[in-house]
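Below, all heavy atoms of this structure are taken into account, side chains as well, without hydrogens, waters or symmetry copies. On a predicted model such as this, the values are computed, not experimentally measured, just so you know.
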2 protein chains.
Amino acid sequence: MTKRLAIGDLARQTGTKVNTIRFYEDIGLLPRALRTASGRRTYGAADVRRLAFIRHSRGLGFSVEEIRSLLALADEPERDCAEAAAIARRHLRDIEMRIARLETLRDALADVAISCEGGRAADCRVIEAIAGAELPVEV
Amino acid sequence: MTKRLAIGDLARQTGTKVNTIRFYEDIGLLPRALRTASGRRTYGAADVRRLAFIRHSRGLGFSVEEIRSLLALADEPERDCAEAAAIARRHLRDIEMRIARLETLRDALADVAISCEGGRAADCRVIEAIAGAELPVEV
DNA sequence: ATACAACCTCCAGTAACTGGAGGATCAAGA
DNA sequence: TCTTGATCCTCCAGTTACTGGAGGTTGTAT
């Protein structure tokens, strides 16, 4: 049998912090790790793959709940994959909306930011521009 | 003297939740409100302006700490406005970076999302694509 | 034997609110 | 005057996805 990894090794291999790995175990994204006699966690190849999947998903911006669904699908090979596709598409739409929103914001902010180059705060056009702004709340 | 507003009135006038107004008072963005004999908060025109400024700033994506600096400048008319301009420009750069990051994400996700239209999860290309993804962590 | 790194568990903190419990007060109608 | 319902008060817990630290144990190398 191949030798198992300590939590620090797994952390290095996947670019994850040790505390984060324990956190994933707490919330159930990772199964409870096997322990040595003294209680230290040990990991095998399947754990490395699973954690890598989680990290990649997070890198793509999926939420923990989305990842939970994705992992559940991956764990049951006979289930219908359409759900995974739906999650991905929904997430894509969400990101597109965030981009659009940020672009609106950027344009409004560009107007504000270029309007001033110093002077008395009393006459500051940045502050005036913000005071007069009309933007939908919530970023 | 003009009549003062109850917290609910201020909330309606500025599109802010009552709890949020109290929260801003707690963290010092709004001064401690004057109270009636029975302890209810009352607000005047200056409070309306200040809260509107805060909400507009939030709408533009400024953090509470940034707003704190902006308000400090607005409160002291003799200070140099360059600081406000710097805050705005820094924030603008930040938003541009977030947009760029999200665009990268969107492209990666688009690849993932279109790759599947149902079937066994075991063969799911969405899941495979995520497993094989190489994205910088952190959104 | 003694460092020192790495591990353990538990807990608080982050950002910016939101919602709710439990209780007091106000305005208006009967 | 009484009562009802809206509004207000103060606290406190929960949200997301971790991160960092305290206080203590274990493993390894010299």
S.K.: Walk me through whether R35(B) and T42(B) qualify under side chain to side chain contact (heavy atoms under 4.5 Å, CB included).
M.R.: CA-CA 6 Å; R35(B) 310 298 179 108; T42(B) 67; over 6 Å; no

S.K.: Rounded to the nearest 0.5 Å, what separates atom CG in L109(B) from atom CD in E96(A)?
M.R.: 9.0 Å

S.K.: Closer than 4.0 angstrom, basic N to acidic O: yes or no for R50(A) and D47(A)?
M.R.: no

S.K.: Answer yes or no: does a side-chain N or O of Y24(B) lie under 4.0 Å from OP1 or OP2 of dA16(C)?
M.R.: no

S.K.: Rounded to the nearest 0.5 Å, how far apart are CD1 of I21(A) and CZ of R55(A)?
M.R.: 9.0 Å

S.K.: Find the distance E66(A):CD to dA17(D):P and express it as a whole number of Å.
M.R.: 9 Å

S.K.: Over how many whole Å does the gap from E25(B) atom CD to dA16(C) atom C1' extend?
M.R.: 17 Å

S.K.: Over how many whole Å does the gap from I67(A) atom CD1 to dC18(D) atom P extend?
M.R.: 7 Å

S.K.: Hey, what are the protein-to-nucleotides 2-4 of chain C N/O distances that come in under 3.5 Å?
M.R.:
none

S.K.: Just how far, in rounded Å, is C1' of dT19(D) from CD1 of I27(A)?
M.R.: 14 Å

S.K.: Rounded to whole angstrom units, what separation is found between the CG atom of L29(B) and the C1' atom of dA15(C)?
M.R.: 13 Å

S.K.: Begin from the C-alpha positions of I87(A) and V126(B) and carry the test side chain to side chain contact (heavy atoms under 4.5 Å, CB included) through to its verdict.
M.R.: CA-CA 10 Å; I87(A) 292 171; V126(B) 168; over 6 Å; no

S.K.: Rounded to the nearest 0.5 Å, what's the gap from CG on L29(B) to CD1 on I54(B)? Could you check?
M.R.: 4.5 Å

S.K.: Between atom CD of E66(B) and atom CZ of R58(B), what is the distance when rounded to the nearest 0.5 Å?
M.R.: 9.5 Å

S.K.: Would you mind building the protein contact string for nucleotides 7-13 of chain C? One character per nucleotide, 5' to 3', B for base within reach (heavy atoms under 4.0 Å), S for sugar-phosphate only, - for untouched.
M.R.: SSB----

S.K.: Can you confirm whether more than 12 heavy atoms, excluding those of R125(A), are under 6.0 Å from its CZ atom?
M.R.: no

S.K.: What's the CZ-C1' distance between F23(A) and dG21(D), to the nearest Å?
M.R.: 17 Å

S.K.: Check this for me, if you would: do R41(A) and E25(A) make a salt bridge, where the nitrogen-to-carboxylate-oxygen distance has to be below 4.0 angstrom?
M.R.: yes

S.K.: Do the charged groups of E65(A) and R68(A) touch, with an N to O distance under 4.0 Å?
M.R.: yes

S.K.: Just how far, in rounded Å, is P of dC8(D) from CG of L10(B)?
M.R.: 10 Å

S.K.: Just how far is it from atom CE of M97(A) to atom CG of L92(A), taken to the nearest 0.5 Å?
M.R.: 12.0 Å

S.K.: To the nearest angstrom, how far is I54(A) atom CD1 from dA17(D) atom C1'?
M.R.: 13 Å

S.K.: At less than 4.0 Å, is any side-chain N or O atom of T20(A) found next to OP1 or OP2 of dT19(D)? Yes or no.
M.R.: yes

S.K.: Taking for each residue the nucleotide of DNA chain C bearing the nearest heavy atom, is the 5' side occupied by T36(B) or by E65(B)?
M.R.: E65(B)

S.K.: Between K17(B) and dG19(C), is there a contact of a side-chain N or O with OP1 or OP2 at under 4.0 Å?
M.R.: yes

S.K.: Please report the end-to-end axis angle for the helix from dA1(C)-dT30(D) to dA30(C)-dT1(D), five pairs per end, rounded to 10 degrees.
M.R.: 20°

S.K.: Could you measure the distance from the CD1 atom of I130(A) to the CG atom of L70(B)? Nearest 0.5 Å is fine.
M.R.: 4.0 Å

